[in-house]
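Atoms within a ligand are numbered from 1 in the order they appear, just like the ligands themselves. Throughout, residue positions are numbered sequentially from 1 according to the sequence presented.
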Amino acid sequence: ATAQIGVTGLAVMGRNLARNLARNGFTVAVHNRSPERTRSLVAEHGDEGTFVPSESLADFVGSLERPRAVIIMVKAGAPTDAVIDELVPLLDEGDIIVDCGNAHFADTRRREEALRAKGLHFSGTGVSGGEEGALLGPSIMPGGSAESYAKLGPMFEKIAAQVDGTSCCRHIGPDGAGHFVKMVHNGIEYADMQLIAEAYDLLRAGLSASPAEIAEIFREWNTGELESFLIEITAEVLGHTDAATGRAFVDVVLDQAEQKGTGRWTVQSALDLGIPITGIAEATFARSLSGHAGQREAARRAFGDAGEKWQVEDRDTFVEDVRRALLASKIVAYAQGFDHIRAGSSEYDWDIDLGGTATIWRGGCIIRARFLDRIKEAYDAEPELPSLLVAPYFAEAVSAGVPSWRRVVVDAARAGVPTPAFSSSLAYFDGLRAERLPAALLQGLRDNFGAHTYRRVDRDGSFHTLWATEGRSEVEA
Ligand code: NDP
């Protein structure tokens, strides 16, 4: 038994994670249900480090030093349970199973509880960054016991992306915490991408600019506050020309997106926790809308294409308006995502460090961005911050952007350019800051039709108005 850690499931992700571990000097046991993958890994990359290949799960487990640490990197869902069931009889008390697949945090909580009862540790670990991240340094979000992290931490922190000397891996919290945070990360990714897509659409409509011209604008934006991986690759994708037709690549791609994954989980969980994550939800729904080709066709026939011809008066002002609106909307999406993490942490007793979470997204993952440093600073300065929006740096960026934000949303509505994420983020901002909300009327209506009672601004207690009586007197409920 010589391997420090094992990986079972050697498709793209597992293979690259195993290589990353080996390249960093760890002895890695490797196994896959179909042995061809194990053989090809060793044949093609065996010289990158020390691999201990096994063709049976029993030999694989036998090759691990104790306490054993086994990473499962298989298709999420039933295959993960199947592999856990096969592993359990081969393991001993104190051994650690790590699920690095994209599991739902509720499944992770269930698995952790069941394995804890058997004396095993279960670490549900979120891994972001796709196959390239897995090989070169992902963002790693491990959940599970502190004891399991004592063994896994040094290895994971070493193979994760490093930014300014800090590893993009840290222990998130017990049981489902790691997969929960990974889920919200993906939700934020949905919002970030939708906002970028809307910014592109606005620039295209308002400036009648070509994708290549818009690529230049994004390239420029990537030198400032918006600097991020997603903005960088937006410039790359918009600047790309389709070889077959010579047209802009973005114009030959079908405009229908799917939302089968973690965006949906994020929204479902936020509804359960009562957290308004409008940016992520609108982004998820925008993808669904795009996919309803039949309805879109019917509506286009019924109403024609949207809006008036739009030509902005001043190009530079408009570009700066869109930039500011994008930044403000993006801050809203992150503020909502962090509210969601805080709510999950409190609901499930995870004690998640919000600023620390921002730190590990600075590298290795899709939403890596300059602005994550500011989130860390905000939570360091005030751990109980009621919303990221009110932290000084973000409050200033949002305030400075409000006039631009309003102009962009108004002009887009007038021109018939859909901006669900831009406009709902603005509505969220206005809702949060409003002195009075029409929720008072909702409460009145609910009391009228269902005697649901209401509270008053001037006295404590719950009240009900006797709507059907002549004097409509009020009683204390
Ligand atoms: P896949 O999700 O395509 O899964 C293929 C692997 O699962 C193969 O090793 C396959 O073995 C194994 N497998 C499937 N069913 C079983 C079973 N019943 N018993 C044993 N093994 C089984 O692989 P990926 O590498 O793309 O992803 C792995 C995990 O990582 C998934 O959970 C995915 O969601 C997650 N992930 C993926 C990312 C990505 O960018 N691809 C990013 C982050 C996470 P066999 O070779 O024998 O068929």
Side-chain angles (χ1 to χ4, degrees), residues 6-21 28-45 53-61 70-90 97-108 111 122-143 156 159-161 168-169 176 178-190 193 229-230 233 258-266 360-361 363-368:
V7 179
T8 180
L10 301 173
V12 283
M13 288 297 287
R15 181 185 178 95
N16 282 356
L17 204 63
R19 290 174 61 197
N20 188 352
L21 283 159
V28 192
V30 286
H31 170 266
N32 191 73
R33 177 180 61 180
S34 339
E36 299 76 33
R37 285 196 204 269
T38 315
R39 291 179 206 144
S40 83
L41 167 61
V42 176
E44 288 162 31
H45 304 288
S54 294
E55 302 207 348
S56 79
L57 205 58
D59 289 347
F60 167 71
V61 168
V70 180
I71 295 177
I72 304 178
M73 210 26 155
V74 302
K75 213 174 257 316
T80 304
D81 284 313
V83 174
I84 291 174
D85 288 346
E86 279 180 72
L87 273 172
V88 167
L90 304 172
I97 298 180
V98 188
D99 176 16
C100 286
N102 267 337
H104 190 287
F105 74 92
D107 285 334
T108 301
R111 290 169 182 146
F122 184 69
S123 164
T125 294
V127 179
S128 175
E131 41 180 305
E132 190 185 295
L135 181 62
L136 303 176
S139 169
I140 308 182
M141 296 153 256
F156 284 177
I159 66 163
C168 292
C169 169
H179 276 137
F180 184 90
V181 163
K182 168 74 194 316
M183 173 189 80
V184 178
H185 161 282
N186 284 31
I188 292 175
E189 178 183 313
Y190 268 56
M193 288 169 64
F229 172 68
L230 281 171
I233 64 168
E258 292 182 40
Q259 58 82 35
K260 51 190 175 185
T262 34
R264 181 175 58 196
W265 290 351
T266 314
I360 64 171
W361 292 346
C365 66
I366 308 298
I367 63 172
R368 58 186 186 260

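Protein residues having at least one heavy atom under 4.0 Å from any atom of ligand 1 are Gly9, Leu10, Ala11, Val12, Met13, Asn32, Arg33, Ser34, Arg37, Met73, Val74, Lys75, Ala76, Pro79, Val83, Gly101, Asn102, Val127, Gly130, listed by chain and number.
Taking the charged nitrogens against the carboxylate oxygens, Glu44 and Arg15 do have a contact shorter than 4.0 Å, which makes a salt bridge.
Judged as a ring-ring contact (aromatic ring centres under 6.0 Å, His included), and not counting sequence neighbours, the contacts of His104 are Trp265.
Enclosure of atom CD in Glu36 by more than 12 non-hydrogen atoms of other residues, nucleotides or ligands within 6.0 angstrom is indicated.
Checked against a 6.0 Å centroid threshold, the rings of His179 and Phe105 do not count as neighbours.
Looking at Asp59 and Ser54, their side chains never bring a donor and an acceptor atom within 3.5 Å of each other.
The cationic group of Arg111 does not satisfy the cation-pi geometry with Phe122, failing either the under 6.0 Å distance to the six-membered ring centre or the 45° limit from the ring axis.
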